[in-house]
Colleague: 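One structure, pasted below without further comment.
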Number of protein chains: 2
Amino acid sequence: MREETKKIACSNCSSRTSCIPTGWGEAHLRQIDNLISSRRSIRRGGVLFYNGEPFSALYAIRTGFFKTSLGTEDGRAQVTGFQMAGEIIGLDGIVNARHTCDEIALEDADVCVMPYDRIEDISREVVAFQRHIHRLMSREIVREHRVVLLLGSMRAEERLAAFLLDLMQRLQARGFSNSELILRMTREEIGSYLGLKLETVSRTFSRFAQEGLIEVRQRHIQIRDGQALSQRGYRQICY
Amino acid sequence: MREETKKIACSNCSSRTSCIPTGWGEAHLRQIDNLISSRRSIRRGGVLFYNGEPFSALYAIRTGFFKTSLGTEDGRAQVTGFQMAGEIIGLDGIVNARHTCDEIALEDADVCVMPYDRIEDISREVVAFQRHIHRLMSREIVREHRVVLLLGSMRAEERLAAFLLDLMQRLQARGFSNSELILRMTREEIGSYLGLKLETVSRTFSRFAQEGLIEVRQRHIQIRDGQALSQRGYRQICY
DNA sequence: CGACCGTTTGATAGTGCTCAATTCAAGTGG
DNA sequence: CCACTTGAATTGAGCACTATCAAACGGTCG
């Protein structure tokens with residue numbers, strides 16, 4: 001799994017708005033430019049970091065799609081989340097200076113490496129950046145809350161609908177179509193994430209299709225009736 | 001629900017070690033002493049903060065026991081966690097400056113109020129404190145990961161066993177017995193947290209008791225065979 | 001083209017849920 | 001002090017949803 005390393009700054013990065021939003025004064029831009037140490041390219045199926053691996057940096061996804069996977073003692077594994085461009089990953093490693101999950105690329109990906117000690121330094125100097133980091137972590141906590149809600153109180157249909165709606169929303173926020181998406185993960189990975197078996201995922205897709213809610217061609221999903229889909233899956237909290 | 005407010009400093013707090021660990025130089029103790037603005041006492045059943053309420057502070061639990069509860073659009077609610085003395089709550093509110101869940105006392109409780117702007121200030125001045133806050137948030141993320149794993153891949157028996165073991169471990173870390181505990185929550189709240197119905201929780205308790213793993217008298221639980229219990233529930237990741 | 005992986009679909013079994021009745025513990029008020 | 005009320009917990013019977021096992025299909029890539 002070959003990986004390349006490049007040198008780059010945030011100030012002239014095209015996707016800056018998504019991961020490090022605007023709003024710093026010009027004065028601080030130079031400090032922010034010191035944030036990224038390098039980039040890494042990960043091939044499809046490649047691993048960004050392993051469970052147990054020493055923690056040293058957070059990563060901003062520039063392109064590509066990742067899954068977060070957690071192993072259990074008895075050999076089972078569960079997907080605990082999917083990440084796409086613009087999102088920051090690796091926050092789990094801060095507590096014990098070790099990562100506690102595997103981060104695996106579902107397609108060829110590029111990430112910016114943000115060494116944690118630099119994050120600490122800049123946080124102390126740039127108030128807006130400090131707040132940004134806190135908000136990132138807090139957002140992650142809130143997101144996980146919603147996953148817990150999903151896994152703890154929804155049925156298969158509701159879970160899958162909520163999953164599709166969540167994906168759609170995140171893609172739409174990144175400028176993609178709001179009625180069409182291509183799944184980057186297998187049915188098994190979706191099932192693992194939703195606490196279902198792959199057969200159940202497949203069946204539920206078929207049922208949705210039969211009822212005219214969506215159109216399914218392999219991993220290509222077309223939303224036909226977003227309204228109805230919402231009614232099935234959107235039990236999420238509004239905030 | 002009457003609540004009292006008192007003024008106090010961390011440096012001479014008996015339970016300091018649990019929420020704000022030692023290790024700051026003497027020089028910084030005075031800054032830390034400025035962290036707590038007041039204390040609040042919450043009666044059993046009282047609410048520390050509501051979903052939607054403006055966020056202004058984190059809270060350190062001095063005494064008492066809380067549950068975190070999330071409401072769904074269609075009126076259902078789910079418990080997403082239980083918190084005990086020494087733990088820090090309210091981290092969910094940072095992202096959007098509003099709390100996204102309800103925090104409810106399961107027994108009379110006392111909390112220290114830590115205004116968020118003071119946390120920001122001290123974080124910038126005391127490196128060890130900054131790191132402490134980051135670790136708190138990261139720990140919360142890792143904990144939630146484990147809950148997701150529990151809900152997504154364990155069966156009723158495993159869930160309840162893991163739940164008991166987790167509680168025991170946290171109580172033991174606080175100096176309580178490692179073979180005996182009193183549940184502060186109802187079967188329904190346990191069920192909600194574990195993604196089960198209260199009847200299932202009750203039945204599973206009974207089964208454990210029948211098999212000699214534990215002894216159940218209402219909310220009083222006696223561990224008889226922790227080893228066996230571990231084998232049932234401990235599929236958690238080791239880290 | 002053929003092999004392989006992922007997906008779909010069917011039949012059956014099992015786990016946990018629903019509905020309902022009963023027991024238990026702790027107040028509450030006469 | 002005891003009958004009464006109330007909320008929580010236990011237990012049972014039947015059912016619904018999802019898992020499991022199994023087979024067939026389809027797209028992709030060597």
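Residue numbers start from 1 in every chain, and the chains themselves are labelled A, B, ... in the order their sequence lines are given, proteins ahead of strands. Owing to the predicted nature of the structure, the values given are computational and were not obtained by experimental measurement.
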Colleague: For A:Arg207 and C:dT9, what is the distance between atoms CZ and P respectively, to the nearest whole Å?
Modeller: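 So the CZ-P distance, A:Arg207 to C:dT9, works out to 12 Å.
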Colleague: Drop me the distance from A:Ile190's CD1 to A:Leu164's CG, to the nearest 0.5 angstrom.
Modeller: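 Between A:Ile190 CD1 and A:Leu164 CG, I get 7.5 Å after rounding to 0.5 Å.
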Colleague: Can A:Asn51 and A:Thr100 be counted as having a side-chain donor-acceptor contact under 3.5 angstrom?
Modeller: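 On atom types as modelled, these side chains do not qualify, holding no pair under 3.5 Å.
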Colleague: What N/O pairs connect the protein and nucleotides 27-30 of chain D at under 3.5 Å? Give each pair on its own line.
Modeller:
none

Colleague: Name all residues meeting the side chain to side chain contact (heavy atoms under 4.5 Å, CB included) criterion together with B:Gln172; count only those two or more places apart in sequence or in a different chain, and write none if there are none.
Modeller: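 Only B:Asn178 meet the side chain to side chain contact (heavy atoms under 4.5 Å, CB included) criterion with B:Gln172.
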Colleague: Give me the distances for all protein-to-nucleotides 11-14 of chain C N/O pairs that come in under 3.5 Å?
Modeller:
| residue | atom | partner | partner atom | Å |
| --- | --- | --- | --- | --- |
| C:dA11 | N6 | A:Arg203 | NH2 | 3.4 |

Colleague: Looking for any heavy atom pair under 4.0 Å, which part of the strands does B:Arg217 touch: base, sugar-phosphate only, or nothing?
Modeller: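 Nothing, no heavy atom under 4.0 Å.
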Colleague: Anything under 3.5 Å between a protein N or O and an N or O of nucleotides 21-23 of chain C, put it in a table, one pair a line.
Modeller:
none

Colleague: Heavy atoms only: give me the nearest B:Leu151-B:Tyr193 pair and the separation to one decimal.
Modeller: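 That closest heavy-atom pairing would be CD2-O, 3.8 Å.
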Colleague: The criterion is ring pair (Phe, Tyr, Trp, His ring centres under 6.0 Å); which residues satisfy it with A:Phe49, sequence neighbours excluded?
Modeller: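 So A:Phe49 forms a ring pair (Phe, Tyr, Trp, His ring centres under 6.0 Å) with A:Tyr59, A:His99.
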Colleague: Check DNA chain D against residues 180-198 of chain A and give the residues with a non-hydrogen atom under 4.0 Å, in numerical order.
Modeller: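 Contacts with DNA chain D under 4.0 Å: A:Gly195, A:Leu196, A:Lys197.
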Colleague: Salt bridge (charged side-chain N to carboxylate O under 4.0 Å, His left out): which pairs involve residues 178-187 of chain A, sequence neighbours left out?
Modeller: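 Found A:Glu107-A:Arg184.
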Colleague: Taking the side chain of A:Ser206 as its heavy atoms from C-beta onward, which of C:dT8, C:dG6, D:dT10 lies nearest to it?
Modeller: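 The listed nucleotide nearest to A:Ser206's side chain is C:dT8.
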Colleague: List the residues meeting salt bridge (charged side-chain N to carboxylate O under 4.0 Å, His left out) with A:Glu189, not counting sequence neighbours, and say none if there are none.
Modeller: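 In terms of salt bridge (charged side-chain N to carboxylate O under 4.0 Å, His left out), with neighbours along the sequence ignored, A:Glu189 is linked to A:Lys67.
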Colleague: How many Å lie between CZ on B:Phe208 and P on D:dT10, as a whole number?
Modeller: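 B:Phe208 atom CZ is separated from D:dT10 atom P by 13 Å.
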Colleague: Ignoring hydrogens and angles, state whether a donor on the side chain of A:Thr68 or A:Gln83 is under 3.5 Å from an acceptor on the partner side chain.
Modeller: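 There is such a pair (donor and acceptor under 3.5 Å, judged by atom type) between the side chains of A:Thr68 and A:Gln83.
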Colleague: Applying side-chain hydrogen bond (donor to acceptor under 3.5 Å, both in side chains), which residue pairs with at least one partner in residues 195-208 of chain B are found, sequence neighbours left out?
Modeller: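 Listed once each, the pairs are B:Glu157-B:Arg207.
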Colleague: So, is A:Arg219 near the phosphate of C:dT7, with a side-chain N or O under 4.0 Å from OP1 or OP2?
Modeller: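 Indeed, a polar side-chain atom of A:Arg219 lies that close.
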Colleague: Work out how much the helix from C:dC1-D:dG30 to C:dG30-D:dC1 bends between its end axes, five pairs an end, to the nearest 10 degrees.
Modeller: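 Answer rounded to 10°: the end axes differ by 30°.
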Colleague: For D:dT10, does OP1 or OP2 lie under 4.0 Å from any side-chain N or O of B:Ser202?
Modeller: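 So the side-chain polar atoms of B:Ser202 do come within 4.0 Å of the phosphate oxygens OP1 or OP2 of D:dT10, strictly under.
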Colleague: Whole angstroms only, please: what is the CZ-C1' distance between B:Phe205 and D:dA8?
Modeller: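 For the pair B:Phe205 CZ and D:dA8 C1', the rounded distance is 13 Å.
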Colleague: Determine, step by step, whether A:Ile141 and B:Ile141 satisfy the side chain to side chain contact (heavy atoms under 4.5 Å, CB included) criterion, reporting the C-alpha distance in whole Å, the side-chain angles of both residues, the deciding distance to 0.1 Å, and the verdict.
Modeller: CA-CA 6 Å; A:Ile141 291 169; B:Ile141 291 168; 3.7 Å; yes
Colleague: Could you state the CD-C1' distance from A:Glu158 to D:dC17, rounded to the nearest angstrom?
Modeller: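 My rounded result for the distance is 12 Å.
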Colleague: Flag the pair B:Arg232 and B:Glu211 as a salt bridge only when some basic side-chain nitrogen lies within less than 4.0 angstrom of an acidic carboxylate oxygen.
Modeller: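 Between B:Glu211 and B:Arg232 there is a salt bridge, with a charged N closer than 4.0 Å to a carboxylate O.
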Colleague: Measure across B:Ser138 and A:Leu91 and return the closest heavy-atom pair with its distance rounded to 0.1 Å.
Modeller: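 Heavy-atom minimum between the residues: OG-O, 2.7 Å.
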Colleague: Would you please name every residue forming a salt bridge (charged side-chain N to carboxylate O under 4.0 Å, His left out) with B:Glu103, sequence neighbours left out?
Modeller: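 In terms of salt bridge (charged side-chain N to carboxylate O under 4.0 Å, His left out), with neighbours along the sequence ignored, B:Glu103 is linked to no residue.
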Colleague: From CD of A:Glu157 over to C1' of D:dT18, roughly how many Å is that when rounded to an integer?
Modeller: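 In whole Å, D:dT18 C1' lies 12 Å from A:Glu157 CD.
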Colleague: Please give, in whole Å, the distance from D:dA9 P to B:Ile214 CD1?
Modeller: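 Going from CD1 in B:Ile214 over to P in D:dA9 covers 14 Å.
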Colleague: With rounding to the nearest 0.5 Å, note down the distance linking CZ in A:Arg98 to CD in A:Glu53.
Modeller: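 Answer rounded to 0.5 Å: 9.5 Å.
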Colleague: So which one's nearest nucleotide on DNA chain D is more toward 5', A:Glu199 or B:Val216?
Modeller: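 Its nearest nucleotide lies further toward 5', so the answer is B:Val216.
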Colleague: Determine, stepwise, if the pair A:Ile42 / A:Arg40 fulfils side chain to side chain contact (heavy atoms under 4.5 Å, CB included).
Modeller: CA-CA 6 Å; A:Ile42 314 278; A:Arg40 276 177 64 184; 3.6 Å; yes
Colleague: Decide, yes or no, whether a salt bridge links A:Arg174 with A:Glu87 under the criterion of side-chain N to carboxylate O below 4.0 Å.
Modeller: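 Yes, this pair counts.
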Colleague: Test of understanding: with side chain to side chain donor-acceptor pair (under 3.5 Å), list the residues that count as partners of A:Ser179, not counting sequence neighbours.
Modeller: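 Residues passing side chain to side chain donor-acceptor pair (under 3.5 Å) with A:Ser179: A:Ser177.
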Colleague: In whole angstrom, give the distance that lies between atom CZ of B:Arg232 and atom P of C:dT15.
Modeller: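 Taking atom P of C:dT15 as the reference, CZ of B:Arg232 is at 13 Å.
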